[in-house]
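Step one of this worksheet: look at the structure below.
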Protein chains: 2
Amino acid sequence: MSMGNSKLYKGSLNTIILKLLDERGKMYGYEITQKVKELTKGELNITEGALYPALHKLEAEGLLDVEIAKVDNRLRKYYKLTEAGEKETVNRLQELEEFIRSMQNLVNPNWSIE
Amino acid sequence: MSMGNSKLYKGSLNTIILKLLDERGKMYGYEITQKVKELTKGELNITEGALYPALHKLEAEGLLDVEIAKVDNRLRKYYKLTEAGEKETVNRLQELEEFIRSMQNLVNPNWSIE
DNA sequence: AATATATACATAATTTTCCTATGCATAAAA
DNA sequence: TTTTATGCATAGGAAAATTATGTATATATT
């Protein structure tokens with residue numbers, strides 16, 4: 001995963017995937033890359049080399065289910081959260097928030113958590 | 001080595017080091033680990049296996065200067081920012097803030113940047 | 001018609017960055 | 001006197017990205 005200009009904090013990709021699936025029900029890989037690009041105004045680019053292995057791993061861990069579809073003669077693999085995936089999403093979001101709080105305490109710039 | 005809870009997102013350690021040195025002028029390694037523990041209320045533990053190589057690398061990149069001291073017959077290596085290090089600190093903090101903003105747009109939980 | 005771009009998936013090789021485990025050494029506390 | 005705290009260091013390995021490929025179809029451009 002690469003940023004428009006800067007670096008990305010590794011470990012956040014899984015959280016992003018889980019949260020997007022939690023919000024939108026089901027998505028396929030390419031759709032995720034485009035959605036992330038759109039939501040961050042091009043700031044964050046999910047590379048395919050990071051995304052697909054991450055999806056496979058989440059599936060192997062039982063957090064995602066797959067459903068294959070063919071649209072316009074092209075393959076799509078739709079992913080959605082399992083029950084375990086929904087629970088894990090809550091944990092990951094909590095961890096992310098804790099990380100943000102910790103970074104705020106360390107770096108205490110002009111932003112904070114509400 | 002029992003950690004608080006949350007793991008260090010990869011890429012954040014350098015930012016933490018640079019910012020602490022920027023604020024405090026000069027610090028030695030062990031002092032950094034204790035300061036981080038204190039500021040995050042034990043939530044984040046910087047391991048020595050991560051910290052010392054990171055310091056060495058930042059020094060090799062010309063972002064840090066070292067000064068060796070002996071206190072109570074024990075060795076200390078004080079690190080401080082070079083000029084290049086001060087500039088890089090600004091960049092890293094900006095990247096961190098951009099990362100936070102991006103995560104907010106993606107995950108939009110109940111926190112935001114002020 | 002030929003070529004480039006967008007859509008859609010995948011993986012191998014490498015790099016970065018961290019953790020675990022271990023080692024050395026001195027000072028202070030139990 | 002044994003443990004804990006202070007202080008540095010590195011080897012080995014895991015995790016999670018990047019880079020570089022590869023396959024294939026659909027659409028837009030030249």
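Below, each value reflects all heavy atoms present in this structure, side chains not excepted, and no hydrogens, waters or symmetry copies. The chains referred to below are lettered A, B, ... by the order of the sequence lines, with proteins before strands, and numbering in each begins at 1.
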Review point. Which whole-number value in Å describes the distance from Lys10(A) NZ to dA17(D) P?
Key: 8 Å
Check your understanding: Just by protein heavy atoms under 4.0 Å, how would nucleotides 4-9 of chain D read 5' to 3' in B, S and -?
Key -> -SBSBB
Check your understanding: Ion pair present between Arg92(B) and Glu88(B), side-chain N to carboxylate O less than 4.0 angstrom?
Key -> yes
**Study point:** Any donor-acceptor pair under 3.5 Å from Thr82(A) side chain to Gly62(A) backbone
**Key:** yes
Check your understanding: In Å and rounded to the nearest 0.5 Å, what is the CG to CE distance from Leu64(A) to Met27(A)?
Key -> 12.0 Å
**Study point:** Distance test, side-chain N/O of Asn73(B) to OP1/OP2 of dA25(C), below 4.0 Å
**Key:** no
Check your understanding: Roughly, in whole Å, what's the span from CG in Leu44(A) to C1' in dA16(D)?
Key -> 15 Å
Review point. Base, sugar-phosphate alone, or nothing: which one does Thr33(A) contact when heavy atoms must sit under 4.0 Å apart?
Key: nothing
Study note, to complete from the structure: Whole-Å distance, Glu61(A) CD to dA16(D) C1', equals 12 Å
Revision key, fill the gap. d(Leu106(A) CG, Ile16(B) CD1) to nearest 0.5 Å is 5.0 Å
Review point. Taking for each residue the nucleotide of DNA chain D with the nearest heavy atom, is it Asp72(A) or Pro53(A) whose nucleotide lies nearer the 5' end?
Key: Pro53(A)
Review point. Tell me: CG of Leu8(B) to P of dA15(D), nearest whole Å?
Key: 16 Å
Review point. Whole Å only: how far is the CD1 atom of Ile16(B) from the C1' atom of dC18(C)?
Key: 12 Å
Practice item. To the nearest Å, give me how far apart OH (Tyr9(B)) and C1' (dA16(D)) are. Key: 12 Å
Exercise for review: Send over the distance from Glu95(A) CD to dA15(D) P, rounded to a whole Å.
Suggested key: 15 Å
Revision key, fill the gap. The side chain to side chain donor-acceptor pair (under 3.5 Å) partners of Arg76(B) (sequence neighbours excluded) come to Tyr28(B), Tyr78(B)
Point to revise | Rounded distance (Å) that lies between atom P of dA17(D) and atom CD1 of Ile46(A) | key: 8 Å
Check your understanding: Under 4.0 Å between a side-chain N or O of Lys57(A) and OP1 or OP2 of dA16(D)?
Key -> yes
Exercise for review: Give one of base, sugar-phosphate or nothing for Lys70(B), where a contact means two heavy atoms less than 4.0 Å apart.
Suggested key: nothing
Check your understanding: Taking 4.0 angstrom as the limit, do Arg101(A) and Glu97(A) come out as a salt bridge?
Key -> yes
Review point. When rounded to the nearest 0.5 angstrom, what distance separates CG in Asn91(B) from CG in Leu18(B)?
Key: 10.0 Å
